[in-house]
Each structure stands twice: as structure tokens, then as C-alpha cells.
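Let me begin by presenting the structure, written as C-alpha cells, before commenting on it.
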Amino acid sequence: MKVVLPDKSELELPAGATGLDAARAIGPKLAEQAVLVRVDGQVQDLRTPLGDGDEIQLLTTRDTQDPDALAVLRHSSAHLLAEAVRRLYPGVKIAIGPPIENGFYYDFDFPEPLREEDLERIEAEIKREISEGRHWERSEISRDEAKTRFAAEGEPYKVELVDTADGDISLYTQSHDGSDDFTDLCRGPHLQNSKPIKALKLTHLAGAYWRGDSTKPQLTRIYGTAFYSQEDLDAYLERLEEARRRDHRRLGVELDLFHLSEASPGSPFWHPKGMVVWNELEDLRRRENAKRGYAEVKTPLIYDKSVWETSGHWEKFRDNMFLVAGEGEEPHAGLKPMNCPGHMLLFGSQLRSYRDLPIRYAESSTLHRNELAGTLHGLLRVRHVTQDDAHIFCTEEQVPGEIDGCIEYAKTLYELFEVVPHAELSTRPENRLGSDEEWDRAEGILQEALERHGIPYVIGEGEGTFYGPKIDLHMDDALGRSWQMGTIQADAQMPKRFGLTYMGADNTEHTPVVIHRALLGSLERFVGILTEHYAGAFPFWLAPVQVRVLPVGDAHLDAARTLVLRLLEAGYRAEVAEPSETIGKRIRAAELEKIPFTVVYGDRESNESLAVRDRGGEQSELSLASFVDRLATL
RNA sequence: GCCGGAGUAGCUCAGCUGGUAGAGCAACGCCCUUGUAAGGCGUAGGCCGUCGGUUCGAGUCCGACCUCCGGCUCCA
């Protein structure tokens, strides 16, 4: 048979030949360094037979940055981890251990709780295995054989995995010098041997439910990472350090933007400087909404239980709500976790005509969501949520156009911050209202809109809200964790439940459709993500202090104050740093605070000649007038 | 909510096996009068997360709770 190499040349191989055979046919060095083969773009184990006409690409230990090559290395590392844990902790049951972005993990059921310091000896044992050497063999067996084998070994989790696995069952055995060190149920692919694992580190420990199901037993997950070289591991650890420096929780305190307190977990205290950023975002929201026919409204914070029963929140969202009850009473009201019911009531308060539609209500008032204690995270997961929220009431025919409008609007906003969120189409969850037909329709409308705009997206199976599917916009924090920002949702349920109608041109009553949309998402979360994105160095228009003037000595204080006054009059946020410290120290402070411009003012300066320094340390000399002109372009 | 870890001055952290708490930075005061990333000297600052227990004695040991960190689940 023939296979096709990346340069389109053909390689003649005997029938049943594997990726490794192909490598051998090309050269012994390649065969030694090969770690996996891509067949028609799909990763495949070197030991798996190729098919006639396959287009193959061999990856080697030199492809140190290739995600697939790293995944194989890490997957094999996970198996070494499992072997080590089994040897060190008799009675442990093994579950599952895949590679993940930046590393790998393996889940175990330990008879005794594992502690953080145990990682050291486990890591030492893995390193011993590597120095001893392991090579992997692949074998295919029947489902029954696999079940018998794992049942005999006392591995119930593996038995369950065999039961639910689709396709053939394959095993990987790792061994050295003829010993059989560890055999695991695994789809692969794996390395040929452990030599390429040049750097490995167990990083942390966490609990994880079996099969991600909170009703199932909680296992102990050991996380680690591995690389093809020590330098790559060092670089990775350095990147983690850098990410910690960008952490908005740290910068929030350092830059005096906000703080969090036990006094009200999950509810930030916004400091004056943080409020500047916040208000700039609010101004942006108002300005842009006004251009697009949104009308700002304000609706109550607390509603009677009956409202939440009507909306479905009492049934579907109650656990996440702060409820209001008198002494010894059952709750009779709740704080709003979303604005939609208020907007429904507002819409329903008057007779509506098709001529009024679409009606676009915008509101960014405070929402309260009683998030589980363990899920709170700085500004990124809070209990006090403020969205740049709006609800668009329209006819069914108007829905696609309104969705388009929201998508265009979102693009405009995100471009302003020079970020590209990734889109997700979140489909029907198990816990939902409405019929399958309604969901088919709503999901279809959103999907078509994404495709119309050529926006790449992934499907978030079951991640829609209880009342409708949504297009979500996600962004990553400094550590690469993904957070949902904006959301655009199509909803046929709420208007029906609230009995909303409008009079159509046909002189009969119709039920409007509602589009729920928050484009930046929660302002708390958005400020958090922006802080990490900019590492605290906000663009000029968002910077809490835009210009700081440093008089060289007391003699220059008045002139500096006058200069600040001019800048304030020109509409900029400027302040004086009094000369109680040296210039060097005040410059340093301004740099650490990431203030866009500092102006040193001494004997040599005048309004005709200012010494301006930007955040990068770049200095320039220009007149006040041209400085102000320059600021106006930012 | 669950698993693991942590909580000492405003911040970053030290405090060995129990003997009554310490540094740097920040703050404040004085001196210096400053020229583009830390001038000098000094002062003040802590219910060692909270409550309970063991002990002659607890920052240190034990328990419960609270909060935070990393995950899991959840989630807009």
C-alpha cells in the first residue's frame, strides 16, 4: 500500500504497516524520535495500522511546541503518575487521566485523603520511573476480557469506563526490561518510551467528581505538566508568574481600584479610581445605546414571590436567589438576579401596538445572585452583578434583524478594547421551559445569525438558560481560564408566561419575542478581565489618573497646580504629586500606578515647553497646547 | 456546596520542636529642595481570621465556624 507524506511524495509500505513502520522506512533517526502520527489531520498512535492512501505526518520529539505532540507526552506522563501512585498507595483505585491544556491530570480514589506534601514523593517516584525507563505497548482486547481484567484488579472505575466506551477497547502497557509495570485502559496515543519526557512537575491537587457528576463520589485529582525540555517547563512557570502579576485581584489592590471583604463576600467595594473605570464603561454603554434606539429604564430590586413564580425563577433559579422573609416566615419575595421580569412587567403595563415594536429597554441596575461560596472569584464571579443589560421586545419577523443589530453592536464594543472574544452557541439545558419545537426554532435563529456574520463558534451543549438558547461571548483571564462575558438570548417563554401581547396589523393580539442581551456582560467581570488584559495599564480614556504633574521643588508647586487646572479644564483627569519626595521616587510611583503621562515641571519648563514622560519611559518636550492636542487623539 | 491548601502590621512575608511578635515596603514626622523607576534619620502601627478546647502558659497543639486561594460541581 501507499501513504502520502506532507511533501505529497508517496511511500510504499507493506499492508498493515503502522506509523512507526513508515518512520523506519524513512530513516532510523526519525523512527527513534517519532512520537505520533497525524493521519488525514487526526492524531493516531504510532502502533496503529495505516490505511492505503492515508496522508500522514510524523511528529517527533523536535515538535516541542506542537499541541498534539505535547498532549501525547503528557498523556504518557499521566500513566507514569498512575503507576507511581499505585505503587506508593496500595488500595488506591484509578479512574481517568487525560492530557489537558498545559498539562495533564489523573483522578484517583484514595483510601486515605492525600495531602499536598505527598506530591513530592509521588513526583520523585515518577522521576525514578523515567530514569529507569518505560516503553509503551498497545494491545486491543475484547470488552469482556477488559472487564474481567479490571474487575480482577479491583478497579471499578475502569470497569465502568469499559462499559460506556464506544468503539474498540485498547490497553497500554508500560514496562522496562521485560517487567510489566502498569497497564491502563486507554485510547492513546502514547509515546514509544519515556525518554522524551525531559521535564515533569506535579503542580496541584484538587477534588473532582467522578464523571463530572456531583451526585457521584468525589475523587482526588492530581495535576501535573510535562515538556520536551527543561527550558520549556521553566518558560511555562515563568508565564504563570507573569499571569500572577496580571491578576486583577492583586492589581485591584495595588492600583486602588476596589477591594473585597468578608463583610459581604462576592460584593466588591469600588474605590474612587475603580469608579472612574466603571463610569467610563457606563458612559460608553449609555452613549452607544442611545445611538441604537435603546431607552434606559429602571425597575425594582425586590419583587413579590408571585412574579418569580410567573417567570419560572422560583422553580428554576431559586437556589441562586436571595430571598426575603419575615421572622419565622416562608420567603415571600426575592431580590432580582436578572432584569427580565421587571422589563416584562414594564412592557405589560400598557397596551402595545405592532407600530411600537421593537421596544428596547436598557438597564444596568444591581442584580444579586447567591452564588455558591466555593465559586466566588474576585471580580470575575461575584454575587453583586451589574450587567449592561437590555431586553428587546419585537415581532417574530424582527428577531433576525435585532439579533444582527446586537452582534454588530458587540463587535463595535469589543473592537474598542482590541480584544476578540470567542463565541459559543449555548443550547437547551435539561432544566428548561418550553417545547422542543420552540427550542429548535430559537436555536436555529441564533445559529443562522452567527453564520450570517461569519463568526466562528463552538456549541455549548446544554448550556443555555432555562428560558432560551444563547450566543455567548467568552474571554480568557490571565491564566487562560475562560469567562462568559456578553450574551444574546432568544426567548419565547417569558413573554408568554407574563401574558404579554401587542396588537398586530391584523387587529388580533400577538405575543412578542424577547431578546435578552448584555454585550459586555457583567461590568464587574468586564473590569476584572480588562485589568488582566491590560495588566493594569488601562488605555488613556479608561485610566483613573491620566496625567500626573511633578513639580521639581516647592518653587514650582503653583505652576504645577495651574497646569493641572488647565488639564482638568480640557477634560482630563490630572493631579499634582507634591514635592515631598524626590523626582525619582515620584516617577517610580507613577510608573507602578501605570499612569499614562507624567509631566516633570521645574525651572526649565513653561507652558511652551513641558517635559512629558509616557508609561513606557519615553520622554518628549512639547508645549501645553500640543500636549492637549495629543491627548485629544487618544 | 464538595476536595485540598491558607489566614501574623495597609502590602509582601519571617516567627524551629508551645514561653508572651519581627523585617522590608507603604504611612506619619523631621532633615534634604529634588531633573525622569526607591535620598537620610526617626515615629507609630498587630484581639496572630472568629469562637471554643488542651496546657502553668497557645501565633504555634485540637475542634467548629468564617473568609480567601487552586480545582470540581454550578453558573448569567
Side-chain angles (χ1 to χ4, degrees), chain A residues 100 105 107 110 113-119 203-223 244 247 249-250 253-254 256 259-266 317 319-320 337-340 367 369-378 380-383 385-387 389 426 429 431 460 463-467 470 472-473 479 481 483-489 516-518 521-522 524-525 550-557 579-593 598-605 611-615 617-619:
Chain A
I100 51 173
Y105 68 77
D107 285 346
F110 283 92
L114 196 71
R115 283 159 317 172
E116 199 98 344
E117 58 257 38
D118 293 319
L119 292 184
T203 52
H204 55 290
L205 205 58
Y209 298 106
W210 170 235
R211 310 221 114 178
D213 184 339
S214 58
T215 64
K216 298 208 158 100
Q218 188 160 38
L219 308 174
T220 302
R221 175 170 297 179
I222 299 176
Y223 284 91
R244 272 187 264 279
D247 190 319
R249 292 166 298 185
R250 178 193 178 114
V253 172
E254 284 176 6
D256 198 17
H259 82 272
L260 293 157
S261 159
E262 288 188 21
S264 184
F317 208 74
D319 289 348
N320 284 303
M338 299 179 192
N339 285 310
C340 31
L367 308 176
R369 298 181 182 183
N370 195 6
E371 301 292 346
L372 293 177
T375 64
L376 300 178
H377 186 97
L380 300 182
R381 188 77 182 268
V382 289
R383 287 188 173 139
V385 185
T386 312
Q387 293 176 324
D389 202 8
S426 298
N431 191 17
E463 288 179 24
T465 72
F466 66 84
Y467 51 78
K470 53 203 181 92
D472 291 327
L473 302 174
L479 278 168
R481 292 174 291 213
W483 298 88
Q484 187 199 301
M485 310 304 289
T487 183
I488 300 169
Q489 313 171 352
H516 307 241
R517 47 114 290 190
S522 116
E524 286 85 358
R525 181 174 287 179
L550 316 184
V552 171
D554 288 334
H556 314 108
L557 192 49
S580 55
E581 293 291 352
T582 58
I583 283 289
K585 189 157 181 175
R586 282 178 283 159
I587 294 270
R588 178 176 151 82
E591 288 285 352
L592 292 175
E593 289 173 58
T598 48
V599 177
V600 174
Y601 202 102
D603 288 337
R604 297 179 217 149
E605 282 72 32
V612 176
R613 176 193 166 107
D614 71 20
R615 265 195 293 234
E618 208 59 34
Q619 290 176 47

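A note on names: the letters A, B, ... follow the listed sequences, proteins ahead of strands, and every chain is numbered from 1.
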Whole-Å gap separating [atom2] ([N]) and [atom1] ([X]):
X: Asp256(A); N: C25(B); atom1: CG; atom2: P; answer: 21 Å
X: Glu593(A); N: C11(B); atom1: CD; atom2: P; answer: 17 Å
X: Ile587(A); N: U36(B); atom1: CD1; atom2: C1'; answer: 4 Å
X: Asp614(A); N: A37(B); atom1: CG; atom2: P; answer: 12 Å
X: Arg588(A); N: A37(B); atom1: CZ; atom2: C1'; answer: 6 Å
X: Trp483(A); N: C75(B); atom1: CH2; atom2: P; answer: 14 Å
X: Asn320(A); N: G1(B); atom1: CG; atom2: P; answer: 12 Å
X: Asp554(A); N: G35(B); atom1: CG; atom2: P; answer: 14 Å

Give each protein N/O atom lying under 3.5 Å from an N/O atom of nucleotides 70-73 of chain B, with the pair distance.
residue: G70(B); atom: OP1; partner: Arg249(A); partner atom: NH1; Å: 3.4
residue: G70(B); atom: OP1; partner: Arg249(A); partner atom: NH2; Å: 2.7
residue: G70(B); atom: OP1; partner: Arg481(A); partner atom: NH1; Å: 3.4
residue: G70(B); atom: OP2; partner: Arg249(A); partner atom: NH1; Å: 3.1
residue: G70(B); atom: OP2; partner: His377(A); partner atom: ND1; Å: 3.2
residue: G70(B); atom: O2'; partner: His204(A); partner atom: NE2; Å: 3.4
residue: G70(B); atom: N2; partner: Leu205(A); partner atom: O; Å: 3.4
residue: G71(B); atom: OP1; partner: Arg481(A); partner atom: NH1; Å: 3.3
residue: G71(B); atom: OP2; partner: Arg481(A); partner atom: NH1; Å: 2.9
residue: G71(B); atom: O3'; partner: Tyr223(A); partner atom: OH; Å: 3.1
residue: G71(B); atom: O2'; partner: Tyr223(A); partner atom: OH; Å: 3.0
residue: G71(B); atom: N2; partner: Gly207(A); partner atom: O; Å: 3.3
residue: G71(B); atom: N2; partner: Gln218(A); partner atom: NE2; Å: 3.4
residue: C72(B); atom: O4'; partner: Gly207(A); partner atom: O; Å: 3.0
residue: C72(B); atom: O2'; partner: Tyr209(A); partner atom: N; Å: 3.0
residue: U73(B); atom: O2'; partner: Ser214(A); partner atom: OG; Å: 3.2

U33(B) phosphate, OP1 or OP2: any side-chain N/O from Lys585(A) under 4.0 angstrom?
no

Does a side-chain N or O of Arg613(A) approach OP1 or OP2 of A37(B) to a distance below 4.0 Å, or not?
yes

Nearest-angstrom distance, [atom1] atom, [N] to [M]:
N: A21(B); M: A38(B); atom1: P; value: 36 Å
N: A44(B); M: U33(B); atom1: C1'; value: 26 Å
N: C31(B); M: C13(B); atom1: C1'; value: 31 Å
N: C75(B); M: C62(B); atom1: P; value: 38 Å
N: U67(B); M: G49(B); atom1: C1'; value: 7 Å
N: C56(B); M: G18(B); atom1: C1'; value: 12 Å
N: C32(B); M: G40(B); atom1: C1'; value: 8 Å
N: G71(B); M: G39(B); atom1: P; value: 38 Å

In terms of relative ring orientation, are His516(A) and Tyr467(A) parallel, tilted or perpendicular, with 30° and 60° separating the classes?
parallel

What class does the angle between the rings of His377(A) and Trp483(A) fall in, given that below 30° is parallel, 30 to 60° is tilted and above 60° is perpendicular?
tilted

With both distances under 3.5 Å as the test, what is the Watson-Crick or G-U wobble partner of [N]?
N: G24(B); answer: C11(B)
N: A6(B); answer: U67(B)
N: G29(B); answer: C41(B)
N: G57(B); answer: none
N: G52(B); answer: C62(B)

Side-chain donor/acceptor of Glu605(A) to base of G35(B), under 3.5 Å
yes

Just call it for [X]: base, sugar-phosphate, or nothing, with non-hydrogen atoms closer than 4.0 Å on any strand.
X: Glu254(A); value: nothing
X: Pro113(A); value: sugar-phosphate
X: Asp319(A); value: nothing
X: Ala611(A); value: base
X: Glu116(A); value: sugar-phosphate

If you measure from [atom1] on [X] to [atom2] on [Y], what distance do you get to the nearest 0.5 Å?
X: Tyr105(A); Y: Leu219(A); atom1: OH; atom2: CG; result: 10.0 Å
X: Leu550(A); Y: Thr582(A); atom1: CG; atom2: OG1; result: 10.5 Å
X: His204(A); Y: Arg221(A); atom1: NE2; atom2: CZ; result: 9.0 Å

Residue closer to the 5' end of RNA chain B, Gly584(A) versus Glu262(A) (nearest nucleotide)
Gly584(A)

Of Arg615(A) and Leu114(A), whose closest RNA chain B nucleotide lies nearer the 5' terminus?
Leu114(A)

So, for Asp118(A) and Leu114(A), which heavy atoms are closest and what is the spacing to 0.1 Å?
OD2-CD1, 3.4 Å

Counting only side-chain heavy atoms from C-beta out, which of G4(B), C68(B), A38(B) sits nearest to Pro265(A)?
C68(B)

One pair to check against side chain to side chain contact (heavy atoms under 4.5 Å, CB included): Tyr223(A) and Ile100(A). What are the steps and the verdict?
CA-CA 10 Å; Tyr223(A) 284 91; Ile100(A) 51 173; 3.7 Å; yes

Test applied, salt bridge (Lys or Arg N to Asp or Glu O under 4.0 Å); reference residue, Glu591(A); option that passes from Arg615(A), Arg613(A), Arg586(A):
Arg613(A)

Salt-bridge criterion met for Arg211(A) and Asp213(A) (N-O under 4.0 Å)
no

Residue pair Asp603(A), His556(A): steps toward the side chain to side chain contact (heavy atoms under 4.5 Å, CB included) verdict:
CA-CA 8 Å; Asp603(A) 288 337; His556(A) 314 108; 2.8 Å; yes

